[in-house]
Amino acid sequence: MESELQCPVCLRQFSQPVLLPCAHPVCLGCARSLARGADDELDKLSEYSEADSGVCQLCESEPRPAAVLCQQCQVHYCTDCQRRCHPRRGPLATHSLLPAAAAAPTAAPADPRRCWRHAPAHCDLFCAACDQVTCAECRRDGGHAGHDLLPLADAVKSQKTALSQTLQSLSERAKSATEVIHRLRRAPETVGESCSALEQAITEQCDALVAAVMARKQRLLGHVRQERQRKTTAAREQVTSWTGQIHRTTGLLRFCIETLKEPNSVAFLQMGATLQGRADSVLQSLDEELKALSQSQSQSQSQVELTLDTSAVEQAIKQMSFMQMKPPGAPVIVHDECCSENNSVVLSWRADPASFVEGHLLELDDGNGGPFAEVYCGQQTVCTIDGLHFNSVYKARVRSYNATGTGPHSPPVCLQTAEVAWFVLDPAVSHPQLRFSDSNGAVSCDSFEPCVALATTGFSRGVHYWEFTLERYDGNADPAFGVARLDVTKSQMLGADSLGWSMYIDAQRSWFMHAGRHEGRQEGGVRTAAVVGVLLDLGQGQLSFFVDGRPQGPPAFTDLAGTLYPAVSINRNCKVRLRTALEPPSDQSGTDSDGC
């Protein structure tokens, strides 16, 4: 706690600590120094003490006798200083100025439980406007007129509850921060191990690639050897064939030459024609074979016309790179940026900085402890979810994904929707002849026929109460108040079809209406400034009505379910104003129906 006991100005332990209006504690001397440095006039201010004896110390020239004492500020003012420093306007309009002679301050009692103005009385009340404790005598004196006074026990309980909740949230944040610190401290070791494993994997993979290249090399060289053997064998076979052919041709030539030497003409003619035929046949055969040999030689059968194509492999080697080998880590939900408003929640999170993330999956339960369901998938890290149930606690969690897979969930965060609903009327889903004002909180009509207006929010769970004030009513209108489905008919009285449930009322009596049926007549009507309340209890499936705070009959409708929107139908003789975010009335007992 040493840091909590250190003055942020002098950086030493507190000496006579005081609490500034901004809620920061400083030493008394430091506070005075800051005041003098901020404004020369502030050095003339003085804290109230037992030595203050009704003298105004705000006077610029010299202190003068005080004329009044501010009960809230506990500062004496002369007439001029009161007019200049403490005017009766703005936030000071609610302060009580007492005559200085009649309300001279006294020393604070030793017992803090006793009122400093009414010493015998105990301080058993707390004024939220003045942020101070007070007693019943102070309230009777008018010192806190118009202020909200709470029993001291309730105020203490409320502040303790708020502080406990804040401390719990602070503890959770500190726990999360501690876990982050532990992860960061382990990061160098984890990074070293990961890099060593990656280096080993790269070496093994490259060695495997080299081995694959060498194996391919041996297969390609074997193919070249086979091709050489095949072509060599073919060449040898041709040599043998041509050698035999030449040998036979040479024998024929020699025989023909010897025949040409024959002196006997008859003998020569007997053999000449035959030899001529054989010579022509051999000549034709040699011409064809020589032509075929010439063509085969032109096609370079003696050459191995192959080229090794390595372009694809070279390109693949150049494209060798890293890829994410693991799914991403769990995201971190940013609690300070998560919030709820009405029946909507806003979730914000951060991706794991050490992971490659392509998108996120947000999951939400049903607000009643049920299973999680996916409500968002995409690259954004902020998501707003509308249309939830009121007065419900929802759990949300997030996980990230990439091409490798989906990572683990983040720790869930709990968000509670509002206990009571705040809403306005919605021109987009209401009859076009209605006229809305005051930020859609009031509605009037241009038509003589009833027109239906719907609210911006629908309910499917919980207890909800809202009121309509009749700002204009001439007695001839029959305004109808209640609930409806979103697609209710807008050009007729609410309750005239099966999609609306209403109570319509005039100056003397009211009726309940649904699907065109009129039931439950009740005596007692409305007038200008009357207040009609609508109570929707979806836990019981009931719809009840109130007029000026009193039940208008028993529950009008039962067995209601589904999504229902607050609704009202009026004509040009009526104008109503909507009030929401109200607690249900304490008296919800009904009266007996007078019949139809």
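All values derive from a computational prediction rather than experimental measurement.
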Problem - Asp154 side, atom CG; Gln159 side, atom CD - distance, nearest 0.5 Å - result: 11.5 Å
Completion exercise
Scanning both residues in full, the closest heavy-atom pair of Leu347 with Val413 reads CD1-CG1, 3.7 Å
Exercise for the section: Would you check if the side chain of Ser340 reaches a backbone N or O of Val345 as a donor-acceptor pair within less than 3.5 Å? Expected result: no
Problem - From Tyr376 atom OH to Leu362 atom CG, the distance as rounded to the nearest 0.5 Å - result: 9.0 Å
Practice task
Using modelled atom types only, decide if a donor and an acceptor are shared between the side chain of Thr417 and the backbone of His389 within a distance under 3.5 Å.
Solution key: yes
Practice task
Could you tell me whether the side chain of Thr161 and the main chain of Lys157 form a donor-acceptor pair under 3.5 Å?
Solution key: yes
Problem - Separation between NE2 of His76 and CG of Leu98, rounded to the nearest 0.5 Å - result: 10.0 Å
Problem - Side-chain donor-acceptor pair present, Ser344, Asp386, cut-off under 3.5 Å - result: yes
Handout entry: Polar side-chain atom of Asn402 near backbone of Glu358 as donor-acceptor pair, under 3.5 Å
Key = no
Exercise for the section: Please report the shortest heavy-atom distance between Ala155 and Phe126, naming the atom on each side. Expected result: CB-CB, 3.6 Å
Exercise for the section: Check the surroundings of atom CD in Gln380: do more than 12 heavy atoms from other residues, nucleotides or ligands lie under 6.0 Å from it? Expected result: no
Problem - Under-4.0 Å salt bridge between Arg461 and Asp366 - result: no
Practice task
Answer yes or no: is there a side-chain heavy-atom contact under 4.5 Å between Asn391 and Gln416?
Solution key: yes
Problem - pair Asp352-Pro328: side-chain heavy atoms closer than 4.5 Å - result: no
Completion exercise
Nearest heavy-atom contact between Met513 and Gly495 is CG-O, 3.4 Å
Exercise for the section: To the nearest 0.5 Å, tell me how far Leu564 CG sits from Arg485 CZ. Expected result: 4.5 Å
Exercise for the section: Over 60° means perpendicular and under 30° means parallel, so classify the ring planes of Trp466 and Phe423, tilted if in between. Expected result: perpendicular
Handout entry: Thr528 side chain to Tyr473 backbone, donor-acceptor under 3.5 Å
Key = yes
Problem - Test item: Ser355 side-chain N/O and Val357 main-chain N/O as donor-acceptor pair under 3.5 Å - result: no
Handout entry: Pair Phe459 and Phe390, ring centroids less than 6.0 Å apart
Key = yes
Handout entry: Pairwise side-chain contact, Gln433 with Ser444, heavy-atom cut-off 4.5 Å (strictly under)
Key = no
Problem - Passing candidate, side-chain contact (heavy atoms from CB on, under 4.5 Å) with Phe481, options Leu494, Ile505, Val526 - result: Ile505
Handout entry: Where Thr79 and Ala67 come nearest, the two heavy atoms and their spacing
Key = OG1-CB, 3.8 Å
Exercise for the section: May I ask you to decide if the ring planes of His360 and Trp349 are parallel, tilted or perpendicular, using 30° and 60° as cut-offs? Expected result: perpendicular
Exercise for the section: Assess whether atom CD of Glu374 is packed by more than 12 heavy atoms of other residues, nucleotides or ligands within 6.0 Å. Expected result: yes
Problem - Residue pair Ala455 / Tyr565: nearest heavy atoms and the distance that separates them - result: O-CD2, 3.6 Å
Handout entry: Check: Asp438 side chain, Gly441 main-chain N or O, donor-acceptor pair, under 3.5 Å
Key = no
Practice task
Quickly, which of Arg435, Arg572, His431 forms a side chain to side chain donor-acceptor pair (under 3.5 Å) with Asp446? Name it, please.
Solution key: Arg435
Exercise for the section: Determine whether Val382 and Val346 make a side-chain contact, defined as any pair of heavy atoms from C-beta on separated by less than 4.5 Å. Expected result: yes
Exercise for the section: Decide yes or no on side-chain contact (heavy atoms from CB on, under 4.5 Å) for Phe372 and Arg397, but give the supporting numbers first. Expected result: CA-CA 9 Å; Phe372 285 89; Arg397 63 187 185 184; 3.6 Å; yes
Problem - Main-chain N/O of Asn573 paired with Asn571 side-chain donor or acceptor, under 3.5 Å - result: yes
Problem - Between Ser510 and Gln552: side-chain donor-acceptor atoms closer than 3.5 Å - result: yes
Exercise for the section: Might you point out which heavy atoms bring Arg527 and Asp548 nearest each other, and give the distance in Å? Expected result: NH1-OD2, 3.1 Å
Problem - Polar side-chain atom of Asn342 near backbone of Trp422 as donor-acceptor pair, under 3.5 Å - result: yes
Exercise for the section: Check whether any side-chain heavy atom of Tyr465 lies under 4.5 Å from a side-chain heavy atom of Glu583, and answer yes or no. Expected result: no
Exercise for the section: Using a strict cut-off of less than 4.0 Å between a Lys/Arg side-chain nitrogen and an Asp/Glu carboxylate oxygen, indicate whether Asp336 and Arg173 qualify as a salt bridge. Expected result: yes
Practice task
Could you go through the side-chain contact (heavy atoms from CB on, under 4.5 Å) check for Ile570 and Leu434 one step at a time?
Solution key: CA-CA 9 Å; Ile570 59 173; Leu434 293 171; 4.1 Å; yes
Practice task
Can you establish whether the number of heavy atoms outside Glu172 located under 6.0 Å from its atom CD is more than 12?
Solution key: yes
Exercise for the section: State whether Arg521 and Glu519 are salt-bridged, where the test is any N-O pair (Lys NZ or Arg NE/NH1/NH2 against Asp/Glu carboxylate O) under 4.0 Å. Expected result: no
Practice task
Could you go through the side-chain contact (heavy atoms from CB on, under 4.5 Å) check for Val488 and Asp497 one step at a time?
Solution key: CA-CA 7 Å; Val488 65; Asp497 64 4; 3.5 Å; yes
Problem - 4.5 Å side-chain heavy-atom contact, Leu499 and Asp487 - result: yes
Handout entry: pair Phe546-Val532: side-chain heavy atoms closer than 4.5 Å
Key = no
Handout entry: Evaluation steps, side-chain contact (heavy atoms from CB on, under 4.5 Å), between Cys377 and Tyr401
Key = CA-CA 10 Å; Cys377 177; Tyr401 63 86; 3.8 Å; yes
Exercise for the section: For the pair His409 (side chain) and Ala330 (backbone), establish whether a donor and an acceptor sit closer than 3.5 Å, ignoring hydrogens and angles. Expected result: no
Problem - Value rounded to 0.5 Å, distance of SG in Cys339 from CG in Leu415 - result: 8.0 Å
Practice task
For Arg579, look at atom CZ and say whether over 12 heavy atoms of other residues, nucleotides or ligands are found less than 6.0 Å away.
Solution key: no
Completion exercise
Separation between CG (Leu170) and NZ (Lys175), nearest 0.5 Å, reads 14.0 Å
Handout entry: Between Phe512 and His518, ring centroids under 6.0 Å
Key = no
Handout entry: Glu363 bridged to Arg399 by N-O distance under 4.0 Å
Key = yes
Exercise for the section: Taking the side chain as every heavy atom from C-beta outward, state whether Trp511 and Met503 have any pair of such atoms under 4.5 Å apart. Expected result: no
